Each structure stands twice: as C-alpha cells, then as structure tokens.
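Read the structure below first, then the notes.
For this chain, numbers begin at 1 and follow the sequence in order. All heavy atoms count here, side chains included; hydrogens, waters and symmetry mates do not. In this text, all values refer to a predicted model and were calculated from it rather than measured experimentally.
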Amino acid sequence: MSARQRITADTPPRKRKTVTLSTITEKKALGEPIVMVTAYDYPSASVAEEAGVDLVLVGDSGAMTVLGYQSTVPVTLDEMLMLAAAARRGLTTPMLIGDLPFGSYEGSNVEAVKTAQRFVKEAGCDAVKLERGGSSVERARAIVEAGIPVMGHVGLTPQTAIALGGYRSQGRTAEKAMQVVEDALALQEAGCFAIVFEAVPAELSEAVMPHIEIPAIGIGAGPATDGQVLVFHDLLGIYDGHAARFVKRYANIREQMVAGVSRYAEDVRTRAYPEPDHTYTMAPDEAARLRAELKALDHSPSEL
Ligand code: KIV
C-alpha cells in the first residue's frame with residue numbers, strides 16, 4: 001500500500017484510516033473524487049462504512065426517507081439527533097456530518113451554536129451542515145468560531161424550497177447563477193470546510209470551481225465538483241417517492257424488500273414457515289415428561 005492510503009470497498013474496515021478534514025482537503029488537492037452518502041441509522045451507516053465512503057451526512061432528507069414527512073421542514077432537532085446518534089454507532093472511518101434542521105439555527109448565532117453543539121455532544125457528529133447563504137453565512141461563521149466544522153449548502157436548498165419556487169434547479173440564468181456563486185463564496189469566506197452544490201447547471205459548477213478553495217460536493221451539479229453526494233434511499237431504490245433527475249439508481253432494494261416480506265407472509269399463511277431448521281427442540285424424554293405432567297394437570301381437581 002502506498003504511503004497515502006486509497007480507500008475502496010475492498011479495503012478491510014480495520015485497515016482504513018479515519019477520514020478527517022485534512023483527508024478531504026488532500027483529496028481535493030490531488031484531484032481524487034470525494035464520496036459522500038447520507039445515512040440515518042445503524043444499518044445504513046454500517047453499509048456506508050463497509051462500502052468505504054469518505055463522508056456520511058445524516059441529512060434532513062431523513063425526514064422524508066425514514067420518517068415519512070412530506071418535506072424536510074417538519075423534522076425536529078430531537079428527531080435528527082436520534083438519527084445521527086444511531087448512524088454514529090454504525091461508523092468508524094468516514095467523517096459524520098449532522099444536518100441542522102429547519103428552525104433550529106436560523107434565529108440567532110447563539111441558537112445555531114447551541115444546536116451544532118448538540119450534534120457533536122449528543123450524537124457524536126464530527127461536523128454540521130446548514131443551508132443557504134444570506135443570514136446562514138453569519139450562523140456558519142459563529143459555529144466555526146465555536147470550534148465546530150461547518151459544511152455549507154447552496155443552489156436548491158430544500159428547507160426553503162417554497163421561497164425558491166419549488167423543488168427545481170437553481171441558477172439557470174447568469175444573474176441567478178451569480179447569486180448562487182455569491183452565497184458559496186460567502187460561506188467559504190465564513191470558514192466552511194466544504195460546500196454542497198445542489199441542483200445547479202453543470203456550467204455554473206464548472207465556472208465557479210476555480211474560485212472554490214474548499215472541497216465542493218455536488219448533487220445534481222454535474223461532474224466538475226470535487227465529489228458527489230446521493231441520498232442512500234434514492235441510490236439504492238428504497239424510497240418510493242419522486243426521484244430527482246440527478247438520482248442514479250444502483251439497486252432496487254425496495255422491490256426486493258417487498259418481495260421478501262410478501263414471501264414471508266405467504267409462508268406464514270400456508271404454514272411453510274417455520275421449518276425444522278428454525279425450531280428449537282427438547283430431548284424426547286424431557287418432552288415425554290412434560291406431556292405427562294400436563295396430562296396429570298387435566299385430572300387434578302380444580303383449585304378454584
Ligand atoms: O438532506 C440531505 O440529504 C442533503 C443532501 C442531499 C446534500 O442535504
């Protein structure tokens with residue numbers, strides 16, 4: 001193995017080095033793509049761990065994919081902390097980033113720092129992510145000053161999708177693109193360690209990349225960014241809601257899950273399950289004694 005370790009799914013987890021801020025900064029410098037995926041619980045995090053990804057985001061997309069809300073807006077801080085703590089238990093190597101939910105950081109710098117601290121103290125996150133430019137830039141700066149790494153998020157920011165005209169790509173005119181660029185540069189200047197570009201034209205990402213000194217992670221932002229992120233349930237085909245244009249399905253797990261549970265239901269209904277292999281047994285003499293004792297009970301006078 002070279003002095004600098006190249007992590008792949010074939011690298012045994014025991015031998016992988018923990019991903020740190022310097023790891024991803026170095027990856028950017030070397031032009032090595034950064035892999036990020038979301039996870040919301042122990043099993044999804046342990047899959048991400050075993051697959052050898054670099055960054056795991058406990059995204060507020062979990063509001064929809066695992067909690068069944070219609071958007072990311074209703075998810076509470078306590079719900080996000082529970083998901084993040086569960087994901088933490090499935091991870092050793094990747095950096096874990098907690099997504100600050102809508103309404104938990106916008107009000108003031110003090111609120112933002114307190115919320116970020118809860119992700120670190122209670123859920124074991126290494127960093128947090130927040131959405132938008134504007135007032136979020138000051139929130140990001142305050143959290144960074146409090147010693148917690150922050151990832152920014154510009155372009156389509158689902159927490160404020162209504163104000164953006166819905167879940168649609170952003171920055172499609174030069175003027176609108178410049179707003180996205182200005183948000184990104186302001187977040188970079190505020191000390192963010194990385195930034196997500198969501199649902200923006202490839203031309204925008206390509207044009208802005210020479211100005212972005214921190215790792216840029218794209219989701220529906222074309223190939224120019226330093227890395228890519230996808231939602232776990234989208235890429236594995238677990239979530240049956242609408243999939244955005246940028247989603248590539250690498251599996252159709254939901255179909256397999258439905259097929260598996262349907263086969264189980266059928267086996268229970270036809271008594272094909274459980275089979276002897278799934279059943280505990282007693283020694284024949286113990287079973288005979290048990291039957292005799294139960295039979296004796298039938299003949300004993302009622303105690304009532
Ligand atoms: O919540 C989420 O999953 C996200 C990613 C799509 C970046 O914010």
Original post:
What's the verdict on salt bridge (Lys or Arg N to Asp or Glu O under 4.0 Å) for Arg141 and Glu189, showing C-alpha distance, side-chain angles and the deciding distance?
Top reply: CA-CA 9 Å; Arg141 194 188 309 280; Glu189 191 276 323; 3.0 Å; yes
Original post:
Name the one of Gln256, Glu255, Arg254 that satisfies side-chain hydrogen bond (donor to acceptor under 3.5 Å, both in side chains) with Asn252?
Top reply: Glu255
Original post:
What class does the angle between the rings of Tyr273 and Tyr264 fall in, given that below 30° is parallel, 30 to 60° is tilted and above 60° is perpendicular?
Top reply: perpendicular
**OP:** Run through Leu187, Val128, Ile97 and flag the one making a side-chain contact (heavy atoms from CB on, under 4.5 Å) with Val150.
**Re:** Val128
Subject >> Which residues share a salt bridge (Lys or Arg N to Asp or Glu O under 4.0 Å) with Arg132, sequence neighbours left out >> reply: none
Original post:
For residues 212-231, which residue pairs qualify under side-chain hydrogen bond (donor to acceptor under 3.5 Å, both in side chains), counting only residues two or more places apart or in two chains?
Top reply: Lys28-Asp226, Thr225-Gln228
Subject >> Straight-line distance of Asp54 CG to Ile24 CD1, nearest 0.5 Å >> reply: 8.0 Å
Original post:
Do Glu49 and Ser46 have a side chain donor and acceptor closer than 3.5 Å?
Top reply: no
Subject >> Common cluster, Ile214/Val144, ILVMFWY with side-chain heavy-atom separation under 4.5 Å >> reply: yes
Residues 34-42 side chain polar contacts: donor-acceptor under 3.5 Å, at least two apart:
unit_1: Thr38; atom_1: OG1; unit_2: Tyr40; atom_2: OH; d: 2.8
unit_1: Thr38; atom_1: OG1; unit_2: Phe232; atom_2: N; d: 2.8
unit_1: Tyr40; atom_1: OH; unit_2: Ser61; atom_2: OG; d: 2.7
unit_1: Asp41; atom_1: OD1; unit_2: Ser44; atom_2: N; d: 2.9
unit_1: Asp41; atom_1: OD1; unit_2: Ser44; atom_2: OG; d: 2.4

**OP:** Show your reasoning for whether side-chain contact (heavy atoms from CB on, under 4.5 Å) applies to Phe119 and Met80.
**Re:** CA-CA 9 Å; Phe119 272 90; Met80 285 300 297; 3.8 Å; yes
**OP:** Check the side chains of Ser135 and Glu106 for a donor-acceptor pair under 3.5 angstrom, ignoring hydrogens and angles.
**Re:** no
Subject >> Atom CZ of Arg249 with >12 non-hydrogen neighbours under 6.0 angstrom >> reply: yes
Subject >> Carboxylate-amine/guanidinium contact Glu266 Arg269, below 4.0 Å >> reply: no
**OP:** Please determine, by modelled atom types, if Ser22 and Thr25 share a side-chain donor-acceptor pair under 3.5 angstrom.
**Re:** no
**OP:** Step through the shown structure and confirm whether more than 12 heavy atoms of other residues, nucleotides or ligands are within 6.0 Å of CD1 on Ile162.
**Re:** no
Original post:
In terms of side-chain heavy atoms, does Glu131 have a donor or acceptor partner in Tyr105 at a distance below 3.5 Å?
Top reply: no
